[in-house]
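Nothing fancy with the numbering, it's 1 onward along the sequence. None of the values given here were measured: they were computed from a predicted structure.
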Amino acid sequence: LNDAFYLAFKNVEPTNKRILLAIDTSGSMHYGTLNGIPNMKLHTASGAMALVIANTEPNYHIIGVDTQVQNVAISPRQRLDDVTRTLMNFGGGGTDLSLPMRYALYDKTKYDAFVILTDSESWAGRSHPSQAIEQYRAQVNPEAKIINIQMTASHVTNNDPNDRRALDVAGFDVNVPEILSGFLRGDF
């Protein structure tokens with residue numbers, strides 16, 4: 001099963017974009033379940049998506065976020081069960097989804113895209129994620145895209161619905177990696 005999981009990555013076309021992948025490590029991610037797949041925890045689905053990105057994109061950096069940034073070491077050859085255990089050891093607090101952009105803004109690291117894996121229960125922080133991406137664009141990369149992948153559908157959006165460089169994905173299925181890749185390449 002592990003080998004089949006890794007073979008599936010070959011179907012995703014790399015974008016070669018510089019990606020900051022932020023995994024929500026707040027408490028709700030450890031206990032909530034994924035829409036459409038009963039009993040799959042949100043952090044497990046996030047770990048799977050992180051492995052897809054780590055195995056297909058050459059220019060990525062992964063962080064965890066709750067009310068602070070955590071350096072999360074996920075390598076392309078890790079097993080999903082190991083990644084799940086790694087993610088369980090982080091966070092557990094509130095959620096500040098402006099942190100990925102503020103983290104990159106702090107040292108002016110140029111990313112082409114921010115991919116946030118979350119349940120969108122964002123309530124903490126100094127700014128809304130849509131404000132943080134605009135600040136990042138103004139100071140570092142005006143073309144930076146943001147993708148908010150909600151592991152569970154909710155009424156919350158962290159992106160400005162009028163932002164053409166922002167994508168919200170509600171729920172999670174096997175098509176998400178290709179949708180993410182297509183959006184980053186500019187296919188739609």
Side-chain angles (χ1 to χ4, degrees), residues 2 5-6 8-9 12 14-34 37 40-127 129 132-133 136 140 144-152 158-159 167 169 172 176-177 180-181 184:
N2 194 60
F5 181 66
Y6 283 102
F9 298 154
V12 179
T15 65
N16 296 309
K17 302 289 185 186
R18 294 166 295 209
I19 299 170
L20 179 61
L21 175 63
I23 301 173
D24 179 349
T25 57
S26 66
S28 59
M29 290 291 287
H30 296 304
Y31 304 106
T33 56
L34 186 66
I37 304 177
M40 179 176 274
K41 299 293 183 200
L42 300 175
H43 68 278
T44 301
S46 295
M49 187 64 189
L51 284 172
V52 170
I53 290 172
N55 276 277
T56 58
E57 295 295 342
N59 305 308
Y60 71 92
H61 179 66
I62 300 175
I63 60 172
V65 295
D66 58 5
T67 55
Q68 59 186 352
V69 172
Q70 301 107 21
N71 289 314
V72 176
I74 294 176
S75 79
R77 298 310 315 158
Q78 270 182 288
R79 293 174 48 99
L80 180 56
D81 59 341
D82 185 46
V83 170
T84 300
R85 278 191 303 277
T86 297
L87 291 174
M88 279 299 292
N89 292 325
F90 285 98
T95 311
D96 180 354
L97 297 180
S98 70
L99 282 174
M101 287 69 70
R102 293 192 357 242
Y103 171 82
L105 192 57
Y106 179 77
D107 60 3
K108 305 285 192 253
T109 304
K110 189 171 183 180
Y111 289 104
D112 299 308
F114 295 88
V115 177
I116 302 172
L117 306 172
T118 182
D119 59 359
S120 287
E121 290 189 13
S122 183
W123 59 269
R126 294 181 221 149
S127 65
I133 188 67
Y136 179 82
V140 181
K145 294 183 177 182
I146 184 168
I147 302 172
N148 184 52
I149 301 176
Q150 294 184 31
M151 294 292 139
T152 183
N158 293 304
N159 291 330
L167 177 68
V169 178
F172 187 82
V176 170
L180 179 137
S181 183
L184 293 180

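The shortest distance between side-chain heavy atoms of Gln68 and Asp66 falls below 4.5 Å. Using a 4.5 Å heavy-atom cutoff, the side chains of Asp82 and Arg77 are not in contact. Ser127 is listed as a side-chain neighbour of Arg102, based on a closest heavy-atom distance under 4.5 Å. You'll find the side chain of Val65 reaches within 4.5 Å of the side chain of Leu97, heavy atoms only. Contact annotation: the side chain of Ile116 never approaches that of Asn158 to less than 4.5 Å [non-hydrogen atoms, C-beta and beyond]. The shortest distance between side-chain heavy atoms of Ile23 and Ile74 falls below 4.5 Å.
Separation of atoms NE2 (His61) and CG (Asn71) is listed at 5.5 Å; rounding is to 0.5 Å. Note that OG1 of Thr67 is 8.0 Å distant from CD of Gln70, once rounded to the nearest 0.5 Å. Remark: Ile53 CD1 to Ile62 CD1 distance equals 7.5 Å, nearest 0.5 Å. Taking NE2 of His30 as the start and OG1 of Thr25 as the end, the distance is 6.0 Å to the nearest 0.5 Å. Here Leu34 contributes atom CG and Gln150 contributes atom CD; the two are 12.0 Å apart, rounded to the nearest 0.5 Å. In this structure, the separation between OG1 on Thr56 and CG on Asn16 is 9.5 Å, given to the nearest 0.5 Å.
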Could you go through the side chain to side chain contact (heavy atoms under 4.5 Å, CB included) check for Met101 and Ile146 one step at a time?
CA-CA 10 Å; Met101 287 69 70; Ile146 184 168; 3.9 Å; yes

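Of all heavy-atom pairs spanning Thr86 and Ala73, the tightest one is CG2-O, 4.2 Å. Closest non-hydrogen pair, Ala144 versus Ile133, comes out as CB-CD1, 4.3 Å. Of all heavy-atom pairs spanning Tyr136 and Thr109, the tightest one is OH-O, 2.6 Å. The two residues Gly94 and Ser26 have their closest heavy-atom pair at O-CB, 3.2 Å. Taking both residues in full, the closest heavy atoms of Asp96 and Pro100 are given as O-CD, 4.4 Å, listed atom of the first, atom of the second, then distance.
With sequence neighbours excluded, no residue satisfies side chain to side chain donor-acceptor pair (under 3.5 Å) with Thr33. For Tyr111, the ring pair (Phe, Tyr, Trp, His ring centres under 6.0 Å) partners at least two apart in sequence or on another chain are Phe114. Residues forming a side-chain contact (heavy atoms from CB on, under 4.5 Å) with Thr15 (at least two apart in sequence, or on another chain): Lys17, Ile19, Glu57, Ser181, Leu184, Arg185. Listed by chain and number, the residues in a side chain to side chain donor-acceptor pair (under 3.5 Å) with Tyr60 amount to none (sequence neighbours excluded).
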Going by atom type alone, with no hydrogens or angles, which donor-acceptor pairs under 3.5 Å involve a side-chain atom of residues 43-50 and a protein atom two or more places apart or on another chain?
from, atom 1, to, atom 2, distance (Å)
His43, ND1, Met29, O, 3.3
Ser46, OG, Leu42, O, 3.1

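Listed by first then second residue, pairs satisfying salt bridge (Lys or Arg N to Asp or Glu O under 4.0 Å) with a partner in residues 18-33 read Arg18-Asp112, not counting sequence neighbours.
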